[in-house]
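Worksheet for the structure shown next.
Protein chains get the first letters and strands the later ones, always in sequence-line order, with residue 1 at the start of each. Predicted, not measured: the structure shown is a model, and the values here were computed from it.
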Number of protein chains: 2
Amino acid sequence: MLEKIHLSIVREVERRGSLTAAADVLCLTQSALSHSMKKLEQKVGTDIWLREGRSLRLTQAGKYLLALAERLLPQLERAEERLEQYAAGERGTLCIGMECHPCYQWLLKVVSPYLDDWPDVDVDVKQKFQFGGIGALFAYEIDLLVTPDPLYKPGLRFEAVFDYEQVLVVGRQHVLAGAPHVDPEQLGGEVLITYPVEIERLDIYNQFLMPAGISPRRHRVIETTEIMLQMVASGRGITALPRWLVEEYADKMEVVPLRLGKKGIAKQIFLGIRESDADIDYLKAFVELARRPAIARSA
Amino acid sequence: MLEKIHLSIVREVERRGSLTAAADVLCLTQSALSHSMKKLEQKVGTDIWLREGRSLRLTQAGKYLLALAERLLPQLERAEERLEQYAAGERGTLCIGMECHPCYQWLLKVVSPYLDDWPDVDVDVKQKFQFGGIGALFAYEIDLLVTPDPLYKPGLRFEAVFDYEQVLVVGRQHVLAGAPHVDPEQLGGEVLITYPVEIERLDIYNQFLMPAGISPRRHRVIETTEIMLQMVASGRGITALPRWLVEEYADKMEVVPLRLGKKGIAKQIFLGIRESDADIDYLKAFVELARRPAIARSA
DNA sequence: CGCAAAAAATGAAAAATATTCATAGAAAGT
DNA sequence: ACTTTCTATGAATATTTTTCATTTTTTGCG
């Protein structure tokens, strides 16, 4: 009764604004779409659009269908792709979602040996999710979530795979450069450089500065790690990054890692999967590979 | 390319064990099914079943399709029902999911006036979810989640609608019955009666006993509130429940609420919805009704 | 073993469905 | 007012699905 074509039409009409335009995209005639939808409307007994002049406005039922289409069609499309991958003899695509910027650097180190181990598995990395990483896992948009905030919920399985310390990064000329650690009060006058993330989600803010009632003088947002570190090296600000990441750049750039507070900020990277996927071999292998110490891999 | 019928066939063949049997259920002939699937197999280029003698065994691709079918078909079926509801002039069904036992008692108080206010909306309550309450929200299994653990994730919106105190419940004859409050140490020898939930998820355990290093002598599990309270009244154990719930039973049963620790344990019930549903009127109305003080309703 | 039963595959025919074509009607833009 | 831009619709056509009739393969069983 309710077929894929109906969902496609509803979605495409919404995107293009008219039946006629949608017909072009779907490689059908306007008439075909009109007939199809009319038939569905008769079958279910309710209109999907209000015909207002020469334009269509979704009814309540139509809006519901649109939401359904936006949700199901991508899954069907992904399924078609995946079937073709099976046909091509590939195992499939491991679709990885990421929720933190520095995770990306870490991930690269894992993906590279993984691709060697599993030549018939493709890896795809996504970073934007309508409903966040967890939603993407539930919706089968991704198969694996890399995140600093695990969430133990039924149906999902999280595992810590990597421990690291989040440190402050300053230029080698900075007055603090030699200190054994820094206190929040010492950062009041600084420019804080970070990835484009709301300040509330930054560890250096919510675990270090905010509890002490300190705010940075200014907050600057930069997309890439390299540029961020160049800014820091040239004394234009400070930032916070994983220690291992800073150490990798330390010989090429004039930057110094510093412990945040006496105890430092300890962090972990977690991998999350759907419980039902727990025994897919190539997924299991990824998690196991990720768990192996980074040292062994980065050699 | 990949159509609903293919998913239906895969699912039904799995359920009934053969194409022939599936054909009966789907009101088609065995031949029709065979042709349909053959065509799909040719299109995607991979077999879906291994033909072993006169039986079919799913290939990897087939298993993948089966998982897809089990996931998508229920959503399509639900959508068809819902469209017909729209057609019948009904507003739809408000599907409520619940993640905590005592929430149920509270929910009943809200649902009753809601049904009066919205005669053309049906209410359905579900309690079991493959992927937990959050997963059910994301998967559109439910429209509203009642839970004590909110989760601020993009795409979801949680709101506290009800505050209550979680208290210890003892029989009127119990030695502690007159105390102003209880300390964890006083419960070391007791039998703890609870709903069937892992002990780690119980507030009385993880917020009260565990931090003090105390374990109850024994943990007994009971399904219903009434029986639980009868057990408590007869001195066979203690339990923890919302204060308002205990007070409702207090005149019929020999039970006494006691504060847990000096400060007590404060709890809240949250309602979670999908952000995209935020302006569905009958959903909004439910949340608003739920927010109104319980006193006003239970009168 | 040989035969009946059960299941899937297949080709051709029939039925059903979807699509197009041609056109009408309605609204919006100029 | 005229042109353009939409959607709707009926009839004709094309395509797809389904059935029917049969074949092939396998399995169970006396």
Side-chain angles (χ1 to χ4, degrees), chain A residues 1-59 61-63 65-66 69 73 76 80 83 87, chain B residues 1-59 61-63 65-66 69 73 76 80 83 87:
Chain A
M1 169 155 87
L2 180 58
E3 296 298 329
K4 194 167 81 167
I5 186 68
H6 300 123
L7 298 180
S8 300
I9 294 173
V10 170
R11 180 175 70 171
E12 223 53 56
V13 166
E14 201 59 19
R15 285 187 183 165
R16 313 280 152 179
S18 75
L19 265 190
T20 313
D24 285 348
V25 177
L26 297 171
C27 299
L28 289 168
T29 60
Q30 172 270 325
S31 174
L33 304 204
S34 181
H35 282 300
S36 279
M37 296 310 289
K38 169 122 287 178
K39 196 172 165 193
L40 177 67
E41 289 179 328
Q42 280 167 355
K43 200 89 174 192
V44 301
T46 179
D47 281 358
I48 287 160
W49 290 289
L50 292 173
R51 277 68 174 178
E52 295 191 328
R54 66 185 182 189
S55 63
L56 304 173
R57 211 181 72 220
L58 288 169
T59 59
K63 284 181 192 166
L65 272 188
L66 177 62
L73 289 177
L76 283 167
E80 289 175 2
L83 285 180
Chain B
M1 170 155 83
L2 180 57
E3 294 298 328
K4 193 167 83 169
I5 186 67
H6 300 122
L7 298 179
S8 301
I9 294 173
V10 169
R11 181 174 71 172
E12 223 52 57
V13 165
E14 201 59 20
R15 284 186 185 166
R16 313 279 152 179
S18 75
L19 265 190
T20 313
D24 284 350
V25 177
L26 296 172
C27 300
L28 288 168
T29 59
Q30 172 268 327
S31 174
L33 268 52
S34 180
H35 281 300
S36 279
M37 295 311 289
K38 170 122 288 179
K39 196 173 164 194
L40 177 66
E41 289 179 326
Q42 280 169 353
K43 202 89 175 193
V44 300
T46 180
D47 281 358
I48 287 159
W49 291 291
L50 291 174
R51 275 71 173 177
E52 293 192 332
R54 65 184 183 191
S55 63
L56 305 173
R57 212 182 72 223
L58 287 169
T59 58
K63 284 181 191 165
L65 270 189
L66 177 62
L73 289 176
L76 283 167
E80 288 175 3
L83 285 180

Report the distance from atom CG of Leu7(A) to atom CG of Leu76(A), rounding to the nearest 0.5 Å.
-> 8.0 Å

Is the shortest side-chain heavy-atom distance between [X] and [Y] below 4.5 Å?
X: Ile48(A); Y: Leu83(B); answer: no
X: Arg11(A); Y: Arg15(A); answer: yes
X: Ser18(A); Y: Val13(A); answer: no
X: Ile5(B); Y: Leu28(B); answer: yes
X: Leu40(A); Y: Met37(A); answer: yes

Donor-acceptor pair, side chain of Thr59(B) and main chain of Leu50(B), under 3.5 angstrom |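 Answer holds: no.
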
Please state whether the phosphate of dA9(C), meaning OP1 or OP2, lies under 4.0 angstrom from any side-chain nitrogen or oxygen of Lys38(B).
->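 Answer no for this pair, as no side-chain N or O of Lys38(B) is under 4.0 Å from OP1 or OP2.
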
Could I get the full list of side chain to side chain contact (heavy atoms under 4.5 Å, CB included) partners for Ala87(A), not counting sequence neighbours?
->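 In terms of side chain to side chain contact (heavy atoms under 4.5 Å, CB included), with neighbours along the sequence ignored, Ala87(A) is linked to Thr46(B).
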
Just wondering, more than 12 heavy atoms not from Lys63(A) lying within 6.0 Å of its NZ?
-> no

Whole-Å distance between dT17(C) P and His6(A) NE2?
-> 12 Å

Mind calculating the distance between CD (Gln42(A)) and P (dT17(C)) to the nearest angstrom?
->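 To the nearest whole Å, that distance equals 13 Å.
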
Scan nucleotides 19-30 of chain C nucleotide by nucleotide, 5' to 3', and note B when protein non-hydrogen atoms come under 4.0 Å of the base, S if they reach only the sugar-phosphate, - if neither.
-> BBB-----BS--

Any idea which heavy atoms bring Trp49(B) and Val10(B) closest together, and the distance?
->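 Smallest heavy-atom distance, with atoms named: CZ2-CA, 4.2 Å.
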
Return the minimal non-hydrogen interatomic distance between Arg16(A) and Ala21(A), and the atom names on each side.
->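 Nearest pair, atom of Arg16(A) first, then Ala21(A): CB-CB, 3.5 Å.
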
Tell me, please, which residues at least two apart from Glu41(B) pass salt bridge (charged side-chain N to carboxylate O under 4.0 Å, His left out).
-> Arg51(B)

Per the end-axis method with five pairs at each terminus, what is the bend angle of the helix from dC1(C)-dG30(D) to dT30(C)-dA1(D), to 10°?
->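 It comes to 30° between the two terminal axes.
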
Outer limits of DNA chain D sitting under 4.0 Å from a non-hydrogen atom of chain A, read 5' to 3', are dT4(D) to dA11(D)

Under the salt bridge (charged side-chain N to carboxylate O under 4.0 Å, His left out) criterion, do Lys4(B) and Glu80(B) qualify, and how do the steps go?
-> CA-CA 13 Å; Lys4(B) 193 167 83 169; Glu80(B) 288 175 3; 2.7 Å; yes

Specify the residues of residues 8-20 of chain A, ordered by number, for which at least one heavy atom lies under 4.0 angstrom from an atom of DNA chain D.
-> Ser18(A), Leu19(A), Thr20(A)

